[in-house]
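For reference, the structure discussed in these notes is given below.
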Amino acid sequence: MALWGNETNDTRLTESLAAGRVRMTGAQFLAAFLAKKGVSQIYGIPGAAILPFYDAVRELNMESYNVRHEQAAIFMADGYSRATGKVGVCAATSGPGATNFLTGLYSAYSDSVPLLALTGQVPTSLIGKDSFQEAPMVEMARPVTKAAYLVEKAADLPRILKEGWELATTGKKGPILLDLPLDVQKGLVEVDWSEFDFSPPQPPRQEIARDTLNTILSMLYEAKTPTLLAGGGIVQGNAAELLRETAELLQIPVVSSLMGKDAFPNDHPLYGGLVGTMCQTPLGNKTILESDLIINLGGRFDGRGTGDSQRFQSGRKVVHVNLDSRELSRHISTELAVAADIRDFLEHFLAFLRDKGFIPTPQARQRILDLQEERIRLARRTKFDTLPLKPQQAIAEVREAMARDGILTLDCGISQIWATQLFEAYVPRSFLITGRAGTMGWGLGAALGAKLAYPDRQVVNLLGDASLGMSLQELATAAKHNIPVVVVVLNNSLFGLIRQQQNLLFEQRCISTDLEYENHVQGHSRGLDFVATARGMGVEAELVDGPDQIQGALARAFSQNRPYLIEVLVDPLAQCSVSLDGTLTGVLELE
């Protein structure tokens, strides 16, 4: 029985895809618009208030992936978008279904990820009357979206959707929310498809002032130890190849922020490592601290990346290039701030350097040779002969087993920090991480979206047992839709990072960070049995408790072409290297 009126519909969506002016429902227009934009997958859970849209999706034979919790749907859209650079689309019903999108919107907004979240809403006549499953989604979502719209008339939908799509995909990208009352989805709208441009967007070329390029070149000539800092904008702006060419011409080291880790091949002779107080490498921090000129390309100078800003900036000059002018000199003052698309900037800068006949000095080349020796000297340990298995060794084994273009997704916590420190990334959009938001439970949904985007590439979700506890139900999603991701859970039966902070900063006064308990059914004391749980959902799984077992387990997992879980028992006493005083020099090396 329909909840709100007659559900019959005389229009046919296949006819509505024709060129010229056509008449259709708002829901049909929305599905047709997405299809014309190249969207082929929708992630979500249908509910009464979003059913007209889902009915239109069915009529177009678009792939619809239902999940076990709406939060996973938006994480899938997020992962799909980060892996491809395209817009991911998710849908949920009104009220609690819609509010379950908020964490995902926050995660995407924090890292400038373009996605479209569609939420059902009660009919317009019931809005503001405390109706069943009514929630003020626009008001709640506005702070964590580029734009949030309550569509009040079907006739407004073409204009709003066109505007929202453009906002999501241009400038500093980000998520868009459309809140869709039921009567708007069912209402009729006339659309002239000739008024829409569905060709691939061609952003306008941005000119970079020659005086700006001359200034940067002069600063490079004056500097003795210049360093390029690669931010997340390099990957988002599809500028990784340009960065490599520029660095190779200049022959100066490249270090990366957390979000820029996969912007430059981590095994390249010019790669100096990762910079930060938590997600970092010894070589990365040493390289940036020894530099007298930092050129930040597409990064934000995030607090966890710079540590204490005064110490970070002391004794060095800074050039900052970022698409968002609001980020320039926001955290670190600069000698030169350039508001520009990073791809346009690098294209102009590279051409300028070649036109000038730039040749690196012998001193610059020697610095790169020295960098190779320092990389070996400062490398963190990943081989151990002790049990329980060290998580550092498990992560190194995962990297060794994966293809060069394999995609890794991470959650937040101590497993994330270990992975950023130890796992090498070689290909842009292959190291997917929730950055500023730091969302636990994010990685499995992101892995599912990435695998659907690239069925022929390996996709691994590496996470801790606490994080998997927040997304465990989505193993059933992977099983139902046969999405062959590999989940590697490092199980120390702890909220590991918080336990480490309790040990180091609170004199081992621990509370509520242990997850172990006596599992009488399975006959062990580590609490939740991930292998048994995964198998109960239809996911093949196995337990690993020694380093000689990991490679074989991963080989079996990758050969199955089905979702697969590997539970790795790791040392609960293992600690990650972090800064205790909030500075880059204060990183305490721990095992």
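The first residue in the sequence is number 1, and the count goes up from there.
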Output for pair (I407 CD1, N461 CG), nearest 0.5 Å, gives 12.5 Å
Determine whether Y149 and L180 make a side-chain contact, defined as any pair of heavy atoms from C-beta on separated by less than 4.5 Å.
no
Looking at every heavy atom in both M278 and R304, which two are closest together, and how far apart are they?
SD-NH1, 3.3 Å
Between the CG atom in L328 and the CZ atom in R326, the distance rounded to the nearest 0.5 Å is 11.0 Å
Side chains of I127 and P181, heavy atoms from C-beta outward: is any pair under 4.5 Å?
yes
How long is the span from the CD atom in Q458 to the NZ atom in K451, to the nearest 0.5 Å?
7.5 Å
Provide the closest heavy-atom pair for T84 versus A453 in the form atom of the first, atom of the second, distance.
CG2-CB, 3.4 Å
If we ignore hydrogens and angles and just use 3.5 Å, is the side chain of Q41 paired with the main-chain N or O of E63 as donor and acceptor?
no
Examine distances only and state if a side-chain atom of Q121 and a backbone atom of V184 form a donor-acceptor pair shorter than 3.5 Å.
no
Taking the basic N atoms (NZ, or NE/NH1/NH2) and the acidic carboxylate oxygens, is any pair closer than 4.0 Å for D111 and R82?
yes
Keeping T409 on the side-chain end and G443 on the backbone end, is there a donor-acceptor pair under 3.5 Å?
yes
I'd like to know if the side chain of N322 and the backbone of G299 have a donor-acceptor N/O pair within less than 3.5 Å.
yes
pair F75-V67: side-chain heavy atoms closer than 4.5 Å:
no
Would R58 and D55 pass as an ion pair if we require N to O under 4.0 Å?
yes
If you take all heavy atoms of A541 and A534, which pair is closest and at what distance?
CB-CB, 3.9 Å
Working for salt bridge (Lys or Arg N to Asp or Glu O under 4.0 Å), residues K162 and E195
CA-CA 10 Å; K162 182 178 179 181; E195 297 176 355; over 6 Å; no
So, the side chain of S430 versus the backbone of V427: is there a donor-acceptor pair under 3.5 Å, distance only?
yes
Taking all non-hydrogen atoms of both residues into account, name the closest pair between A141 and L105 and its distance.
CB-CD1, 3.9 Å
Side chains of N482 and R562 only: does a donor on one sit below 3.5 Å from an acceptor on the other?
yes
Using modelled atom types and a 3.5 Å cut-off, is there a donor and acceptor pairing between side-chain atoms of Y65 and backbone atoms of A73?
no
N/O donor-acceptor pair under 3.5 Å between T119 side chain and A92 backbone:
no
Compare all side-chain heavy atoms of T145 with those of I176 and state whether any distance is below 4.5 angstrom.
no
Count the heavy atoms belonging to other residues, nucleotides or ligands that lie under 6.0 Å from NZ of K480, then report whether that count exceeds 12.
no
Any sub-3.5 Å donor-acceptor pair from T434's side-chain atoms to T439's backbone N or O?
yes
Does L432 reach the side chain of D78, with side-chain heavy atoms less than 4.5 Å apart?
no
Identify the two heavy atoms, one from E347 and one from L242, that lie closest to each other, and give their separation to 0.1 Å.
CG-CD1, 3.4 Å
Ring centroid separation W193 to F29 under 6.0 Å:
yes
Exam field: side chain T169 to backbone W165, donor-acceptor pair closer than 3.5 Å
yes
Show the numbers, then the answer: is there a side chain to side chain contact (heavy atoms under 4.5 Å, CB included) between L565 and L475?
CA-CA 9 Å; L565 179 137; L475 291 176; 4.0 Å; yes
Indicate yes or no: at least one non-hydrogen side-chain atom of L410 is less than 4.5 angstrom from one of F431.
yes
Any cation-pi pair here, K146 with Y109, using under 6.0 Å and within 45°?
no
For a side chain to side chain contact (heavy atoms under 4.5 Å, CB included) check, start with the C-alpha distance between Y43 and N66, then their side-chain angles and the critical distance, and finish with the verdict.
CA-CA 6 Å; Y43 319 114; N66 60 333; over 6 Å; no
Side chain to side chain contact (heavy atoms under 4.5 Å, CB included), that's the test. Do L60 and Q28 meet it? Break it down for me.
CA-CA 9 Å; L60 274 185; Q28 289 176 325; over 6 Å; no
Closest approach of A230 and L243, non-hydrogen atoms and distance?
CB-CD2, 3.7 Å
Atom NE2 of H69 and atom CD of E474: how far apart are they, to the nearest 0.5 Å?
8.5 Å
Find the distance between OG (S107) and CD1 (I433) and round it off to the nearest 0.5 Å.
12.0 Å
Testing the 3.5 Å rule here: is there a donor-acceptor pair between the side chains of Q71 and N100?
no
Do the charged groups of R429 and D262 touch, with an N to O distance under 4.0 Å?
no
Greater than 12 external heavy atoms within 6.0 Å of E166's CD
no
Would you mind checking if K129 and E134 are paired as a salt bridge, meaning a charged N to carboxylate O distance below 4.0 Å?
no
Out of curiosity, L297 CG to I342 CD1, how far, rounded to the nearest 0.5 Å?
4.5 Å
D341/R343 salt bridge by N-O under 4.0 Å criterion:
no
Could you go through the salt bridge (Lys or Arg N to Asp or Glu O under 4.0 Å) check for D344 and R205 one step at a time?
CA-CA 7 Å; D344 285 343; R205 292 271 300 173; 3.6 Å; yes
Contact check, side chains of V398 and M402, non-hydrogen atoms, under 4.5 Å
yes
Check the surroundings of atom NZ in K86: do more than 12 heavy atoms from other residues, nucleotides or ligands lie under 6.0 Å from it?
no
Given the options I42, D179, L34, L118 meets side chain to side chain contact (heavy atoms under 4.5 Å, CB included) only with L34
Aromatic ring proximity F198/F33, centre distance under 6.0 Å:
yes
Test side chain to side chain contact (heavy atoms under 4.5 Å, CB included) on L463 and V487 and set out the steps.
CA-CA 8 Å; L463 74 172; V487 177; 3.7 Å; yes
Got P484 and Q560 here, is their nearest side-chain heavy-atom distance under 4.5 Å?
no
Taking Q206 for its side chain and A339 for its backbone only, find out whether a donor-acceptor pair lies under 3.5 Å.
yes
